[in-house]
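Everything below concerns the one structure shown next.
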Amino acid sequence: MSERCVLKVLDLFCGCGGLSLGLEQAGFDIELGIDIWQDALTTFKANHIDSETHCQDLSEVNFDEVSNRYLPTGVDLIVGGPPCQGFSISGKRDPDDPRNKLYTAFLKAVDHFKPKAFIMENVPNLASMNQGKIRDTIVKEFESIGYTVSHRNLLASDFGVPQNRRRFIMVGLLGGDQFDFPSPTHMKNKISCEQAISDLVESSIMDGAKYPLESQSLYQAEMRVGSSGVFNHETTKHTEKTVSIISLVPDGGNYKALPDSLKGIRNVNIAWTRYNSQKPSLTIDTGHRHHFHYKFNRVPTVRESARLQSFPDKFVFLCSKTSQYKQVGNAVPPILGRVLGEQLKKHL
Ligand SMILES: C[S@@+](CC[C@H](N)C(=O)[O-])C[C@H]1O[C@@H](n2cnc3c(N)ncnc32)[C@H](O)[C@@H]1O
C-alpha cells in the first residue's frame with residue numbers, strides 16, 4: 001500500500017516556493033500558494049504544477065472566499081513568512097497599525113483554518129528584538145487560539161545547505177505538544193561552495209543545454225536528479241573596471257585585499273567579497289552584486305545562487321533575470337523546508 005502522506009499545505013507569502021518545495025519533498029501536498037508578486041507565482045506554478053496559485057495582497061484576502069474557492073476540505077499545515085514590522089518598542093502589537101496587517105493575515109488564516117500545525121519563518125533578529133518581547137507577544141497570540149508554540153534560530157548550513165543563512169522558525173502545534181526541532185546533521189561536514197557549484201562553468205550556458213562537465217561531488221549529483229540540462233546559467237557582464245578590481249581579491253577574501261585607493265569605491269563593507277570555495281556561502285541576497293564567485297571574476301549566476309540555496313536543477317526560474325535573482329534570494333532553502341517537514345510529520 002502507498003505510504004504517500006496527504007497532509008495539505010497552504011503557503012502564504014509563498015514567493016517562488018522554496019519552502020513549499022522542501023515540504024513537497026517531505027511528502028506534503030501543496031494545495032495553494034498566495035503572494036502579491038505575479039513573477040514569483042509564475043515560477044511557483046511552473047514548478048508545482050498540481051498546486052493552485054492566488055495573486056493578491058494578503059492584507060486584503062478574505063479567507064472564507066479562499067476556503068470556498070480552493071480549500072473546501074481545509075488544510076493541515078499553514079506556512080509563511082509575514083513581515084513583522086508593526087510592533088512597538090514595548091513589544092506590544094497595535095492591531096490598528098497598518099504595518100501589522102500582514103502578520104495579522106497569517107494569524108487570521110491560522111485561526112480560520114485551524115490547521116494541525118503552522119510554520120512561521122522570519123529574520124533571525126525577530127527572536128531578540130525588544131528583548132524578546134515581540135516574539136513573546138506573537139507566541140501568546142497563537143497560544144490564545146489553541147497552539148503550543150516552539151521557536152528557534154536555525155542555520156541552514158547545519159542541515160546540508162551550502163550557505164550560512166539563518167532563519168527564525170516558529171512552529172505551532174494545535175493542542176499541547178511542543179515541536180521537537182530537528183538536530184543538525186552537518187555541523188562537522190558542511191557542504192562547501194566548491195562542492196555545490198564547481199561543475200558550472202565560467203561562461204553562460206544556453207537554457208536546456210547539456211551539462212558541460214561531469215558532476216564533481218555527491219551534492220552536485222543530487223542536485224542534477226530529474227534535470228534535463230542546465231537552466232538559468234546566464235553570466236553577468238561586468239565593466240572592465242569591476243573585473244580588474246575583483247581579480248585582486250583572493251578566494252574567500254574581501255575589500256581588505258584591495259589597495260587603499262580602491263577600498264572605498266563601493267560604499268559598503270560587504271562589497272568586493274568573494275565566496276570561500278571551502279566553506280558554505282554567505283547569505284544569498286536578492287541580487288545586490290556584492291558577492292562574487294570564489295574563482296571567476298563575476299557574480300554567481302541565478303543557477304549557482306539556486307544551488308547554494310539547495311534548489312535542485314530541475315527547478316527552473318522564470319521572468320526577467322533581475323526577478324529570478326530576487327525570487328532565489330527571497331526563498332527558504334528547500335533542504336531546510338524538507339528537514340522541518342520531515343520532523344513535523346513525526347508529530348502529525
Ligand atoms: C521571503 S519571501 C517568501 C519566500 C518563500 N517562503 C520561499 O520559500 O520561496 C516573501 C514574499 O512575501 C510576498 N509579499 C510581500 N508583501 C505581500 C503582501 N502584502 N501580500 C502578499 N504577499 C506579499 C513577497 O512578494 C515575497 O514573495
Side-chain angles (χ1 to χ4, degrees), residues 9-26 28 30-48 51-63 65-66 70 77-86 97-109 118-126 154 156 159 161 163 165-171 232 283-288 302 305-312 315-320 322-341:
V9 182
L10 164 61
D11 190 348
L12 303 175
F13 309 94
C14 64
C16 68
L19 180 53
S20 270
L21 177 67
L23 293 169
E24 205 171 84
Q25 290 168 344
F28 288 79
I30 313 301
E31 298 292 311
L32 174 67
I34 305 183
D35 202 286
I36 197 173
W37 188 27
Q38 186 52 54
D39 279 12
L41 291 177
T42 300
T43 296
F44 185 101
K45 183 66 190 165
N47 291 281
H48 300 90
S51 314
E52 302 269 12
T53 56
H54 180 82
C55 189
Q56 195 179 357
D57 182 338
L58 266 155
S59 63
E60 291 168 4
V61 167
N62 176 326
F63 289 107
E65 282 170 21
V66 168
Y70 302 104
L77 172 64
I78 294 183
V79 301
C84 291
Q85 296 139 339
D97 185 333
R99 291 173 303 171
N100 247 319
K101 280 188 168 174
L102 298 179
Y103 161 71
T104 306
F106 190 90
L107 185 67
K108 262 195 205 161
F118 71 83
I119 302 176
M120 197 173 93
E121 57 93 11
N122 225 287
V123 289
N125 65 350
L126 186 78
L154 297 182
F159 297 91
V161 178
Q163 183 192 175
R165 188 186 192 91
R166 279 179 202 280
R167 298 305 284 172
F168 175 69
I169 306 289
M170 193 174 259
V171 180
N232 307 120
T283 302
I284 299 298
D285 64 25
T286 50
H288 298 155
V302 170
S305 303
R307 280 272 187 92
L308 296 167
Q309 274 276 53
S310 72
F311 278 96
F315 193 103
V316 174
F317 294 86
L318 302 177
C319 304
S320 71
T322 308
S323 169
Q324 292 172 13
Y325 273 112
K326 191 168 160 197
Q327 293 171 38
V328 176
N330 268 342
V332 173
I335 286 184
L336 193 58
R338 190 188 75 209
V339 169
L340 285 167

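All ligand and atom numbering here is 1-based and tracks the order in the structure. Note: hydrogens, waters and symmetry copies are ignored here, and every other heavy atom, side chains too, is used.
- The shell of residues lying under 4.0 angstrom from ligand 1, judged by heavy atoms, excludes Lys101.
- Residue Trp37 approaches ligand 1 through these ligand atoms, each under 4.0 Å from one of its heavy atoms: 25 (O).
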- Item | Stepwise side chain to side chain donor-acceptor pair (under 3.5 Å) test for Glu24 and Ser20 | CA-CA 6 Å; Glu24 205 171 84; Ser20 270; over 6 Å; no

- Take Phe315 and His48 through the test side chain to side chain contact (heavy atoms under 4.5 Å, CB included) and record every step on the way to the result. CA-CA 9 Å; Phe315 193 103; His48 300 90; 4.0 Å; yes

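- The ligand atoms of ligand 1 that sit less than 4.0 angstrom from a heavy atom of Gly17 are 9 (O).
- Looking at Leu10 and Glu31, their side chains never come closer than 4.5 Å, going by heavy atoms from C-beta outward.
- Under a 4.0 Å heavy-atom criterion, Ala40 is not in contact with ligand 1.
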- Going through the distances and angles, do Leu32 and His54 end up as a side chain to side chain contact (heavy atoms under 4.5 Å, CB included)? CA-CA 7 Å; Leu32 174 67; His54 180 82; 4.0 Å; yes

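- Counting heavy atoms closer than 4.0 Å to ligand 1, residue Gln56 contributes backbone atoms (N, CA, C, O) but none from C-beta onward.
- In terms of protein heavy-atom proximity, atom 1 (C) of ligand 1 is nearest to Asn330 O, 3.2 Å.
- Distance from atom 10 (C) of ligand 1 to its nearest protein heavy atom, with residue and atom name: Phe13 O, 4.1 Å.
- Within the 4.5 Å cutoff, the side chain of Arg167 has heavy atoms near those of the Val123 side chain.
- Scanning the protein for heavy atoms near atom 9 (O) of ligand 1, the closest one is Gly18 N, 3.0 Å.
- Of all protein heavy atoms, the one lying nearest to atom 20 (N) of ligand 1 is Leu58 N, 2.8 Å.
- Of all protein heavy atoms, the one lying nearest to atom 19 (N) of ligand 1 is Asp57 OD1, 2.9 Å.
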- Task: Kindly indicate, with the supporting measurements, whether the criterion side chain to side chain contact (heavy atoms under 4.5 Å, CB included) is fulfilled by Ile284 and Tyr325.
- Result: CA-CA 9 Å; Ile284 299 298; Tyr325 273 112; over 6 Å; no

- Would you sort out whether Phe311 and Val316 count as a side chain to side chain contact (heavy atoms under 4.5 Å, CB included), showing the intermediate values? CA-CA 9 Å; Phe311 278 96; Val316 174; over 6 Å; no

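- Close approach of ligand 1 to Gly15 (heavy-atom distance below 4.0 Å) involves ligand atoms 27 (O).
- Looking only at side-chain heavy atoms (C-beta outward), Leu154 and Leu340 come within less than 4.5 Å of each other.
- Ligand 1 lies within reach of Cys14, whose nearest heavy atom is under 4.0 Å from it.
- In terms of N/O distances under 3.5 Å, ligand 1 is approached by Leu19.
- Checking Leu12, Asp35, Leu102 against atom 11 (C) of ligand 1, the nearest heavy atom belongs to Asp35.
- Scanning Ile119, Asp11, Ile36 for the heavy atom closest to atom 23 (C) of ligand 1 points to Ile36.
- No more than 12 heavy atoms of other residues, nucleotides or ligands sit less than 6.0 Å from atom NZ of Lys101.
- Just one of Val79, Val9, Asp11 meets the side-chain contact (heavy atoms from CB on, under 4.5 Å) condition when paired with Phe28; it is Val9.
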